Number of protein chains: 2
Amino acid sequence: MSNASRAIERFSRYPLGESQSVHCPVRDVLDRIGDKWSMLMIMALAMRPHRFSELHRAVNDISKRMLTQTLRDLERDGLITRHVFPTKPPGVEYRLAPLGHSLLEPMAGLIDWADRCHGDIHAARARFDGTPGDAARQAFSTRSKVSTNRQG
Amino acid sequence: MSNASRAIERFSRYPLGESQSVHCPVRDVLDRIGDKWSMLMIMALAMRPHRFSELHRAVNDISKRMLTQTLRDLERDGLITRHVFPTKPPGVEYRLAPLGHSLLEPMAGLIDWADRCHGDIHAARARFDGTPGDAARQAFSTRSKVSTNRQG
DNA sequence: CTGCATCCTCTAGGATACTG
DNA sequence: CAGTATCCTAGAGGATGCAG
């Protein structure tokens with residue numbers, strides 16, 4: 001709890017919004033792991049180095065295109081490294097760089113939160129969707145839509 | 001470091017990829033704070049309750065549309081609460097719910113990381129963009145593009 | 001095996017105008 | 001003041017094909 005207060009304290013150091021912000025750490029975070037696949041890649045590489053196709057198998061439903069692109073972005077930012085083995089069919093190994101390793105702990109904190117609060121969130125959602133209130137407000141939520149399968 | 005190891009340990013409990021995953025906490029995280037504005041809203045509300053237009057001023061460059069939508073989604077998930085004061089011109093106050101409050105600490109961890117590693121990342125990026133290597137690989141990175149202004 | 005290039009779709013999100 | 005509805009665009013990301 002007092003850790004959260006400490007967090008709030010720090011928040012106040014940063015300007016919200018982006019136009020005026022000289023450097024917004026929130027944008028940094030989102031640019032890094034806010035996309036669809038980066039976190040998954042990092043998690044996979046956290047366990048052990050992976051080859052290209054190993055990663056493709058590990059993160060089954062990513063396209064080759066996005067796999068390459070995500071890896072390239074992570075490499076560019078220094079989070080992972082890329083080692084080419086000039087063997088017969090070329091082999092490429094990706095592994096977590098120290099910078100990427102330093103991301104593991106904060107990332108895990110967030111994932112744990114999601115895991116812990118999964119239930120509460122779904123409960124809240126059911127409550128919200130179930131409240132007859134105004135249909136308009138509810139419909140306006142993008143992420144709703146799906147769970148409208150309650151009693152008709 | 002051993003905290004990171006612990007993190008890795010936990011990672012292995014979750015299936016990567018989403019099709020096969022019964023419940024992927026990574027998706028949960030991204031659905032919650034991976035969008036453009038949620039984190040900013042939460043940070044703003046972490047400091048103190050805000051009215052609609054206060055939020056609009058705090059997060060200057062968000063559109064009214066996205067402001068409403070983001071707030072609605074956060075409300076639906078139980079992260080924030082919404083209190084209507086039926087005054088002359090209606091007033092609406094948003095504040096962090098306990099569930100939202102519980103997100104502050106892990107979120108701050110991530111933001112701190114971004115703040116700490118900002119420099120290293122930019123350095124890595126400059127190094128990557130500066131390496132003559134293959135231009136193709138570099139160009140394939142989406143987020144690059146900008147800094148291709150080196151010597152023509 | 002690794003991974004670019006091309007094409008195409010779909011949706012997050014901005015701009016604007018209107019209401020209670 | 002606090003939304004809502006409509007319209008529209010930019011870009012993320014999938015599918016597929018070719019190449020070293």
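Note that the structure is predicted; figures quoted are calculated from it, not measured. Reminder, nothing fancy here: chain letters follow the sequence lines and each chain counts from 1.
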Answer with yes or no whether B:K36 presents, from its side chain, a donor or acceptor under 3.5 Å of a partner atom in the base of C:dG13.
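No.
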With heavy atoms under 4.0 Å as the rule, sort B:K88 into base, sugar-phosphate or nothing.
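No contact.
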Contact class for A:F85 (heavy atom, under 4.0 Å): base, sugar-phosphate, or nothing?
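If one applies the 4.0 Å heavy-atom cut-off, A:F85 turns out to touch nothing in the nucleic acid.
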What is the distance, to the nearest angstrom, from the [atom1] atom on [X] to the [atom2] atom on [N]?
X	N	atom1	atom2	answer
B:R72	D:dG3	CZ	C1'	8 Å
B:Q69	C:dG13	CD	C1'	8 Å
B:M66	C:dT16	CE	C1'	16 Å
B:I62	C:dT16	CD1	P	16 Å
B:H56	D:dT4	NE2	C1'	15 Å
B:R65	C:dA15	CZ	C1'	11 Å
B:D35	D:dA12	CG	C1'	15 Å
B:D73	D:dG3	CG	P	14 Å

A:R72 with A:E75: basic N within carboxylate O range, under 4.0 Å:
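Yes, charged N to carboxylate O under 4.0 Å.
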Is it true that B:E54 and B:R57 make a salt bridge, defined as a side-chain N closer than 4.0 Å to a carboxylate O?
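The answer is no: the pair does not qualify as a salt bridge.
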Does B:M43 reach the side chain of B:M107, with side-chain heavy atoms less than 4.5 Å apart?
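Yes, side chains in contact.
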Does B:V26 reach the side chain of B:Y14, with side-chain heavy atoms less than 4.5 Å apart?
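In short, these two side chains do not touch, never coming nearer than 4.5 Å.
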Any B:R57 side-chain N or O less than 4.0 Å from OP1/OP2 of D:dA2
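Result: no.
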For the side chain of B:F52, counting heavy atoms from C-beta on, which of D:dG3, C:dG14, D:dC1 is nearest?
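Selected nucleotide (nearest to the side chain): D:dG3.
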Heavy-atom closest contact (B:L30 atom, A:D35 atom, distance)
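That would be CD1-O, 3.4 Å.
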Could you check B:P89 against B:T68 and say which one's nearest nucleotide on DNA chain D is further toward the 5' end?
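Nearest-nucleotide comparison on DNA chain D picks B:P89.
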